[in-house]
Amino acid sequence: MNAKKTKKIVVLATGGTIAGLTDDLSAPHNYQAGQVEVNALMTDVNTGGIDWVSEQLAQVDSKDMSFALWQQLLERTQHWLDQDDVQGVVITHGTDTVEETAYFLQTVLSPNKPVAITCAMLPANAPDSDGPANLEEAMSWVQRHDVFGVSLVCAGHVHPGDAVQKLHSQQRNPFVTVQSTSTHLPWGIPSVEDVLSVRAWPRVEIVLNHTGADGRLVRALCAHDAPDGWVVAGTGNGTLHHDLEAALREAQAHGMRVVRASRCAMGGVQSRKGDVFEHAGSLTPVQARVALILELIKEKAAQ
Ligand code: SIN
């Protein structure tokens, strides 16, 4: 993989199954994420003699990923990428929300060095754990001199950080690359400094269109604890039940941003005649939520 051994790699650890432990080797899907320290994980990895340093930023199951940890990850990633003697950064993360973190980091940082996020579907002490091989691949990826940007490295595949989705809940290879990342929204991207200085993150909720969808959930939340925005995961090309659409129009009239995406795994949404909401283009609903949060941060920073 075009390895060069002059610069060091930084490994930032956040937890996940890759650092998980099971106490029942016959049923490794019963485990606790975020148990094994990063330096212990690295002992199973053939680093090819390259210099590396690590930081244990957290030990979370990524279902509990927080904006505070995103800020920490952003700050540490940028810090290390800015060092001349650093070739690239590897991040260990749980698979469950990694697509959100990858989208966030790629969008805000757009780094000109490689950042490889990696993960595992089986805990570290499972006999056939996929973690060591994934970590080794991520270490190799960031040693290449022809790659840059945030990628997700898992099960022999490399996905662009801003176009990856977890599609399978069990397989060792659970990710797919979604649509081309070239469809950019006309939304603002805040600077790293803007993101690091946020104390109260904008609140954007996701709501789903489905049979019998009505606007009650949206109206109830708007009446009691209104968010700053909504992403609606519509059916097909982002179509909405008329009651849900009416409730979201009311939310929009009260100043909330509403973005229309699709609950379909592939294809995104296209603009339609008579559109009343902004549409998310190729972004998945969770990516659109991150994009809207970033847009709202940018807007606030400009005030
Ligand atoms: C997590 O996302 O932290 C747990 C699940 C996983 O890593 O596969």
Side-chain angles (χ1 to χ4, degrees), residues 11-45 54-74 76-77 89-106 115-139 141 150-178 206 265 284-287 289-290 293:
V11 185
L12 302 177
T14 70
T17 299
I18 193 167
L21 287 179
T22 179
D23 54 14
D24 180 356
L25 293 180
S26 66
H29 57 280
N30 293 314
Y31 66 92
Q32 184 112 30
Q35 302 297 303
V36 185
E37 214 250 294
V38 59
N39 291 340
L41 295 179
M42 289 297 291
T43 59
D44 291 332
V45 173
S54 68
E55 287 184 2
Q56 186 78 48
L57 299 186
Q59 274 292 26
V60 294
D61 184 316
S62 79
K63 70 180 173 55
D64 297 321
M65 186 51 60
S66 66
F67 294 131
L69 183 47
W70 268 8
Q71 283 172 311
Q72 203 186 347
L73 196 50
L74 180 66
R76 296 319 290 156
T77 306
V89 171
V90 168
I91 297 171
T92 60
H93 196 294
T95 62
D96 284 346
T97 60
V98 70
E99 67 204 64
E100 296 172 50
T101 301
Y103 182 83
F104 165 72
L105 287 178
Q106 171 58 27
V115 174
I117 312 185
T118 195
C119 49
M121 291 297 281
L122 288 164
N125 64 339
D128 51 351
S129 176
D130 48 338
N134 287 346
L135 196 43
E136 204 165 302
E137 273 174 36
M139 293 292 289
W141 180 257
V150 178
S151 307
L152 177 69
V153 176
C154 181
H157 296 269
V158 179
H159 306 273
D162 56 358
V164 62
Q165 185 174 14
K166 184 173 179 180
L167 206 61
H168 202 286
S169 58
Q170 315 292 332
Q171 280 176 358
R172 280 164 178 266
N173 178 14
F175 298 103
V176 290
T177 296
V178 286
I206 298 178
T284 65
V286 294
Q287 289 172 335
R289 175 176 174 268
V290 178
I293 287 171

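Whatever order the structure lists ligands and atoms in, that order sets their numbers, starting from 1. Small disclaimer: the values here were computed from a predicted structure and weren't measured.
For atom 6 (C) of ligand 1, the closest non-hydrogen atom of the protein is T17 OG1, 2.6 Å. The shortest contact between atom 3 (O) of ligand 1 and any protein heavy atom is with S62 N, 2.6 Å. Scanning the protein for heavy atoms near atom 8 (O) of ligand 1, the closest one is T95 OG1, 2.5 Å.
Neither the backbone nor the side chain of C119 comes within contact range of ligand 1; no heavy atom lies under 4.0 Å.
Without hydrogens or angle criteria, E136 side chain to V45 main chain gives no donor-acceptor distance under 3.5 Å. E100 places no side-chain N or O within 3.5 Å of a backbone atom of Q287 that could act as its donor or acceptor partner.
Looking only at atom types and distance, the side chain of S26 has a donor-acceptor partner in the side chain of D24 under 3.5 Å away. Counting only N and O atoms by type, the side chains of H93 and T14 include no donor and acceptor under 3.5 Å apart.
The only member of L73, V153, V11 that meets side-chain contact (heavy atoms from CB on, under 4.5 Å) when paired with I91 is L73.
Contact check for E137 versus T118: no side-chain heavy atoms found under the 4.5 Å cut-off.
Contact annotation: A120 has at least one heavy atom less than 4.0 Å from an atom of ligand 1.
Every atom of ligand 1 is numbered from 1 in the order shown, and the set under 4.0 Å from a heavy atom of G16 is 3 (O).
Where the criterion is an N or O separation shorter than 3.5 Å, residue side chain and backbone included, D96 meets it with respect to ligand 1.
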